[in-house]
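Below is one structure; the comments refer to it alone.
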Amino acid sequence: MKANHFIYTTFAGCCLLAATLTGCSSDFLDKTPESDYVADKYYNSDAAVVKAIEPLYNRAWHEFNRRSLMAMGSIRANDAWNPYVNSEFARFQLTGLDENVAAAWSALYNVVSMTTETIDNVRNYSTSEVSEAVKNQAYGECYLLRATAYFYLLRGWGEIVLYENNQEIITEPVRPLTKEEDVLKFIVRDLRRAINLLPESGTDHHPSRYAAKAMLAKVLLAQSGWNQPTRNETILSEVVSLCDEVINCGQYSLMSDYEELFRMQNNDNPETILALRWAKPSSNEYGSMNATYSDLAPNDISDDVNVWGGSLCPSPDMIDYYNEEPADSFRLRGTFFSYGRHYDYLWTNEGGFTYKKHWMQVKKGVLGRKADAGGELDQMASPLNTYLMRLADVYLIKAEALLGNRASTDDPKALEAFNATRLRAKLPAKTSFSFEDLIRERRIEFCMEYLNWFDMVVWYRWKPQYMLDFFNNKQHRAFEIRENDILLNKNGTFSYRGYLNSGTDCWYFADWTNNNGGIYWNDFMAKNVDVNATNVTVKGNIIHDKSDGYVYDLNELIRQNTNMLPIKLTEANIFMPYPETDVIQNPYFTQAPQNYDFGE
C-alpha cells in the first residue's frame, strides 16, 4: 500500500483535532471544544463525544467531494459532458497518474482511518461522564460512515485493501487486495453493527438506525447479484423489508417539489437520510466547506462569485431521455437550465432569472448570486449538503428488489415504489416497468447527484453483457454540445447538434449534406423549432427527425471517420486504475486478491 496514505492515517487524530478545534458558523459545527485537545482528556462529556464525530461528515470527505465525486459519479455516467471538465473520466482514458483518482483514493481511506480512530478513542478515553447511549451513537455513526466509504471504494476500484485497525496498517502498510465479495461482507457487517448501535430517532442532524438500514438495503441489493447471473431471492426479500422499515418509520418523506431539494433553505429536508454537511462559506474553513461550486456554476449566472464552471451540458443520452417524456419538466428544470425557464429565487434583486440561451447547462447545485444565498456563497464554497442517501433512493431500491430477476413486473408493491418518484414529478403512473425503465428512472432522478455511475457498476457486476451493450451502444460519449446548438421545439422536446471532441479535433455528428454547419437532430419526431430562437442561425431551417426516415447510428458515423474512434468500455476500464505510486510500492497490487480474515 502507498506509504504516505498510511502515514496520513497516523495523522487521523491530528485531522480530527484540527476539525474539532475549528469554530464554524454552521449550526452543525458551531461549538468550539476545549482548546487543549488531548485524546485522553477530551472525551469527558456527551457533548464532547458528539462534537468529535461531526468532522466525519465534512473534513474527512473533503478531497473526495471537491472534484473526484462529480467526475466519478456523474461525468463517468455520462450525465453531462464537456471536454474541459474531467473529460478523461468520461473517455475512460484514466491512468494511475491522474490526480483526482489519487485524491479520491486517499480521501476515502482518510474516512476509513478517521472513523476507525474515533471508535478507538471513544472506547479507550471516554470518562465515566460519557453515557453509554452517546458512546453507542458515536460507534454507530462511525460504522455507518466507514461502510459508506468502503462501498464507494468497492464500486470505484473493485478489489481494495481492507482494514479495521489503524495501528496494524501503520505497522504493516503493504497489504494484499481483498476479494470483492469479502469487501461486501465487511460492509454489511459494519452496517449491521451500526443498526444495533444507533438510536431509534436521530437528533441534531445525527442519523438514526434507519439511515444504516437504508444504506444496508442498497449494499445488500448490490450483494444479491454481485458476480452472479441471478440475484439471490433471500437477500432481495431482506432488501424489501429494510426499505419498508425506512419508508414507514415516520422520519422521512418525499419533498413535494423536486426542485426544492437543491435549495440551501432546504438543506435539512425530510427526504434526507444521510448527507455530508458542510460549514458555511463565511467560516473560511476550506477543508470543511463544499468546494464543488466553482467547477459547477456558470460564470454568467453566479456572476459575483469567482466560478469557472458552467460548460457542463447534458449528454445526448440525457437529452433523449427528456425528449421521450417532455412532461418530465419539473425534474428537468431542477437539473438543467433550458431555454425560457424562469427561476424566481435566482437573481432575486432583479425579480428573478430567466435562462435565454439556446443551450442547456447544469442547474442542480447552482444557487445564483451571493445575495440569493444570503451571502453564504463564495469561490469553491457552497452551503449545500451533499446527498449520500435520500428517500427517493429507497423507493427505487425497493422497486428494483421487487423486480428481481424478472424482465418486467406489474406487481402492485413494485409499482407503488417505482411510481413514487414519477408521481412526485407530476408524471402519470406506470402500469408495469422493466429493468430498462428502472435504469432510465434512476438516471433522471439522480442526474448530477454523483450517484449514477456507482449504480451502473453494481448493475455491471450483475449483468455484465447487458451493461456493456448499454455503455457501448446506447450511450453516446464525448459529444460536445455548445451554446446555440440546442433548440426548444413547440412540443417541449429539444433538437440539437453536436461535435465529437477527441481532445485534438472536433467533428459535427450532424449530416454533412448541410454544408452550412450541420443539421439539428431530434430522435423523437419534433419538427417545429421554437419561433423565439433568436440569435441562432438555423442554416436553411433544416431539422431532421425520425418522421423523415432519418436515423443516426452515431457510433457508426464515428467509425467512418478514421480520426475518431468510439469510446469502448470493457472489463479492463470499468474500474478505476490504482494510484501509480501505490502500485509501485505495493507488489500485492499486481497479484490475485485474498480472502479477508474475519476472525470467525
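Inter-residue side-chain proximity for R231 and W462 is flagged as met; some heavy-atom pair is nearer than 4.5 Å. Taking 4.5 Å as the limit, some side-chain heavy atom of V394 sits within range of a side-chain heavy atom of I247. Between L276 and N385, the closest side-chain pair of non-hydrogen atoms is not below 4.5 Å. Proximity of F186 to V183: side-chain heavy atoms (C-beta onward) are nowhere separated by under 4.5 Å. The shortest distance between side-chain heavy atoms of K213 and L198 does not fall below 4.5 Å. A 4.5 Å side-chain heavy-atom check between Q379 and W308 finds at least one atom pair inside the cut-off.
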**OP:** Could you go through the side chain to side chain contact (heavy atoms under 4.5 Å, CB included) check for I169 and T116 one step at a time?
**Re:** CA-CA 11 Å; I169 203 72; T116 301; over 6 Å; no
Original post:
Between D244 and K398, is a side chain to side chain contact (heavy atoms under 4.5 Å, CB included) present by the stated rule, with each step listed?
Top reply: CA-CA 8 Å; D244 282 340; K398 179 182 176 181; 2.6 Å; yes
**OP:** Apply side chain to side chain contact (heavy atoms under 4.5 Å, CB included) to R146 and E164, showing your working.
**Re:** CA-CA 9 Å; R146 186 170 75 181; E164 55 185 317; 3.7 Å; yes
Original post:
Please walk me through it: do M448 and F262 pass side chain to side chain contact (heavy atoms under 4.5 Å, CB included)?
Top reply: CA-CA 11 Å; M448 289 307 298; F262 313 104; over 6 Å; no
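Of the possible donor and acceptor atoms, none in the side chain of D79 sits under 3.5 Å from a partner among the backbone N and O of C447. For D295 (side chain) and T292 (main-chain N/O), no donor-acceptor pair under 3.5 Å exists by modelled atom type. A donor-acceptor pair under 3.5 Å links the side-chain atoms of R477 to the main chain of R76, judged by distance alone. Proximity of a side-chain donor or acceptor of D328 to a complementary backbone N or O of R422 within less than 3.5 Å is not detected. Distance alone, capped at 3.5 Å, places no donor-acceptor pair between the S288 side chain and the N58 backbone. At least one donor-acceptor pair under 3.5 Å links the side chain of Q475 to the backbone N or O of A77. Formation of a donor-acceptor pair under 3.5 Å by the R461 side chain with backbone atoms of N227 is not found in this model. A donor-acceptor pair is defined here as one N or O able to donate and one able to accept, closer than 3.5 Å; such a pair exists between the side chain of W157 and the backbone of P577. Between the side chain of N78 and the backbone N or O of H476, at least one donor-acceptor pair lies under 3.5 Å. Here the side chain of N232 pairs a donor or acceptor atom with the backbone of I235 at under 3.5 angstrom.
Shown here for P173 and N586, the closest heavy-atom pair between the two residues is O-ND2, 4.5 Å. In plain terms, the two heavy atoms of Q228 and S224 that are nearest each other are NE2-O, 2.6 Å.
For the pair K218 and D455, the salt-bridge criterion is met [side-chain N within less than 4.0 Å of a carboxylate O]. Ion pairing of E63 with R66 is present here, as a side-chain N (NZ or NE/NH1/NH2) and a carboxylate O approach within less than 4.0 Å. D182 and K185 are not joined by a salt bridge, as no carboxylate oxygen comes within less than 4.0 angstrom of a charged side-chain nitrogen. Salt-bridge formation is not detected for the pair R209/E245: no Lys NZ or Arg NE/NH1/NH2 atom is positioned less than 4.0 Å from an Asp or Glu carboxylate oxygen. Using a cutoff of 4.0 Å between basic side-chain nitrogens and carboxylate oxygens, E325 and R331 are not scored as salt-bridged.
For the side-chain contact (heavy atoms from CB on, under 4.5 Å) test, residues two or more places apart in sequence or in another chain that qualify with Q465 are L468. Under the salt bridge (Lys or Arg N to Asp or Glu O under 4.0 Å) criterion, D317 pairs with R443, not counting sequence neighbours.
Aromatic pair Y252/Y210: ring centres not closer than 6.0 Å.
Relative ring orientation between F471 and W453 is described as tilted, the plane-to-plane angle lying within the 30° to 60° band. Ring geometry for H62 against W278 counts as perpendicular: the plane angle is over 60°, on a 0 to 90° scale with 30° as the lower cut. Between Y109 and W105, the ring-plane angle classifies as perpendicular under the 30° and 60° cut-offs.
Other residues, nucleotides and ligands contribute only 12 or fewer heavy atoms inside 6.0 Å of the CD atom of E99.
Figure legend: R91 and F89 shown without cation-pi pairing, the cationic atom not lying both under 6.0 angstrom from the six-membered ring centre and within 45 degrees of its axis.
M70 contributes atom CE, which lies 10.5 Å from atom CG of N100 (distance to the nearest 0.5 angstrom).
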